[in-house]
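First up is the structure itself, then whatever we jot down about it.
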Amino acid sequence: MRRGFFELPTIELARELIGCLLVHETRAGRICGRIVETEAYLHDDPASHSCRGRTQRNAAMFGPPGRAYVYLVYGMHLCFNVTSAPEGVGEAVLLRALEPLEGQREMRRRRGAVSERDLCRGPGRLSEALGIGREHDGVGLARGALRIEPGPASGRIVAGPRVGIRLAAARALRFRVAGSTWVSRG
DNA sequence: TGAGTGATTGACT
DNA sequence: GTCAATCACTCAT
């Protein structure tokens, strides 16, 4: 990833992450998908975990940019975020959907017998398909077994309201590839 | 120490 | 299209 990429302002990073590759080198082989949908979560954002200050759970959001923030939601699903903003500022970008590129066999072993389209369509699904766990919370994403890599140019990117939240849901902080069959909604 | 809550998914109609 | 499952985390006792 080019130098300074993760230092981009959170909203720009959310847009720039579209088209990049999320790679996980596992013992079972390389698993890889192209990012097609993201959401930005800002420090002054009532929908963000960080808006009420640092806690044990959201500590990674307040760390340096370019790290993983992995948390459990609804008691059963993991969500994978890329931290952004300088150390001390709690912001991150949620990855909501991937287009599977490599390791579909391994994804399916984790996800069960689902259609190709449903392997990584949704934040909980992509975490499961890539084998992301709580042990990845706080790890750097510039290098290492789990990392972000530059990807080919994607199609047109459109912004819209975020999904699955009540507070500040109307803000256009969700980005996706227009018309992609791999995004979780619309 | 315990109740309320939720950045979702999968099963079902 | 609707709805229940299920539990870590937070905040209020």
Side-chain angles (χ1 to χ4, degrees), chain A residues 9-18 20 22 33 35-63 65-85 89-100 104 107-139 141 146 148 157-177 180-186:
Chain A
T10 300
I11 292 176
E12 276 181 51
L13 182 64
R15 178 179 281 270
E16 292 291 318
L17 278 169
I18 302 280
C20 292
L22 178 61
I35 299 167
V36 295
E37 185 178 356
T38 63
E39 283 180 0
Y41 284 87
L42 309 177
H43 71 278
D44 62 348
D45 181 348
S48 172
H49 287 169
S50 61
C51 76
R52 273 174 292 181
R54 182 180 185 137
T55 65
Q56 194 168 21
R57 174 168 75 151
N58 67 20
M61 283 185 90
F62 290 84
R67 299 203 181 173
Y69 168 43
V70 180
Y71 68 90
L72 190 70
V73 70
Y74 297 121
M76 54 182 110
H77 299 293
L78 292 170
C79 289
F80 175 76
N81 301 249
V82 179
T83 64
S84 60
V89 180
E91 302 196 345
V93 177
L94 171 69
L95 269 47
R96 290 190 53 88
L98 305 179
E99 173 186 345
Q104 285 95 331
M107 290 183 187
R108 204 164 260 121
R109 189 182 69 74
R110 300 176 192 279
R111 293 271 302 119
V114 300
S115 67
E116 173 107 355
R117 184 164 183 253
D118 283 342
L119 279 176
C120 301
R121 190 167 58 93
R125 292 167 174 174
L126 78 84
S127 300
E128 185 175 34
L130 271 284
I132 291 167
R134 300 172 59 91
E135 69 272 18
H136 294 108
D137 190 42
V139 304
L141 296 171
L146 180 66
I148 306 272
I157 297 168
V158 293
R162 291 177 298 185
V163 174
I165 55 176
R166 287 179 307 179
L167 301 167
R171 297 176 72 177
L173 296 174
R174 169 174 171 250
F175 300 93
R176 63 197 187 279
V177 177
S180 171
T181 59
W182 306 103
V183 302
S184 63
R185 297 200 195 179

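Below, chain A is the first sequence line, B the second, and so on; all start at residue 1.
- For the pair A:L42/A:S50, no side-chain contact is recorded, criterion being any heavy-atom separation below 4.5 Å from C-beta on.
- Separating the CG atom of A:D137 from the P atom of C:dA8 is a distance of 15 Å, rounded to the nearest angstrom.
- By the side chain to side chain contact (heavy atoms under 4.5 Å, CB included) test, A:A168 is found to be paired with A:D45, A:P46, A:R162, A:R171, residues two or more places apart in sequence or in another chain being considered.
- Among the protein residues, A:R162 comes within range of no part of the nucleic acid, since none of its heavy atoms lies under 4.0 Å from any strand.
- Atom CZ of A:R171 is separated from atom P of B:dA7 by 15 Å (rounded to the nearest Å).
- Projected onto DNA chain C by closest heavy-atom contact, A:H77 and A:R134 fall at different nucleotides, the more 5' of which corresponds to A:H77.
- Across the protein-nucleic acid pair, A:M61 atom CE and C:dC9 atom C1' stand 15 Å apart, rounded to whole Å.
- Residue A:R121 has no polar side-chain atom (N or O) positioned under 4.0 Å from OP1 or OP2 of B:dT8.
- In this structure A:A97 satisfies the side chain to side chain contact (heavy atoms under 4.5 Å, CB included) test together with A:V36, A:E37, sequence neighbours excluded.
- Once rounded to the nearest 0.5 Å, the distance linking CZ of A:F175 with CD of A:E16 reads 10.0 Å.
- A donor N or O paired with an acceptor N or O is found under 3.5 Å between the base of B:dA7 and the side-chain atoms of A:Y71.
- Taking atom CG of residue A:D118 and atom C1' of nucleotide B:dA11, one finds them 13 Å apart after rounding to whole Å.
- No side-chain donor-acceptor contact under 3.5 Å links A:E99 to the backbone of A:W182.
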Could you spell out the base pairing of DNA chain C in dot-bracket, with Watson-Crick or G-U pairs whose two distances are under 3.5 Å, [ ] crossing and | to another strand? |||||.||||||.

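- Partners of A:N58 under the side chain to side chain donor-acceptor pair (under 3.5 Å) rule, at least two apart in sequence or in another chain, are A:T55.
- As judged by a 4.0 angstrom heavy-atom cut-off over every strand, A:L72 is placed among residues touching the sugar-phosphate backbone only.
- Rounded to an integer number of Å, the gap from CG of A:N81 to P of B:dT8 is 11 Å.
- Rounded to a whole Å, the CD atom of A:E128 is 15 Å from the P atom of B:dT8.
- One can place OH of A:Y69 at 9 Å from C1' of B:dA7, the figure rounded to the nearest angstrom.
- For DNA chain C, the residues of residues 46-59 of chain A within the heavy-atom distance limit of 4.0 Å (strictly under) are A:R52, A:T55, A:R57, sorted by number.
- The phosphate of B:dG10 has OP1 or OP2 within less than 4.0 Å of a side-chain N or O from A:R125.
- Applying the side chain to side chain donor-acceptor pair (under 3.5 Å) criterion to A:E39, with sequence neighbours excluded, gives A:Y41.
- Remark: C1' of B:dT8 and CE of A:M76 are 8 Å apart, rounded to the nearest angstrom.
- Under the 3.5 Å distance criterion, the side-chain polar atoms of A:T10 are left unmatched by any main-chain donor or acceptor of A:S84.
- A salt bridge links A:R121 with A:D118: the distance from a Lys NZ or Arg NE/NH1/NH2 to an Asp or Glu carboxylate oxygen falls below 4.0 Å.
- Stacking between A:Y41 and the base of B:dA7 is present: ring centres sit under 5.5 Å apart and the planes differ by under 30 degrees.
- Between A:E128 and A:R111 a salt bridge is recorded (basic side-chain N to carboxylate O distance below 4.0 Å).
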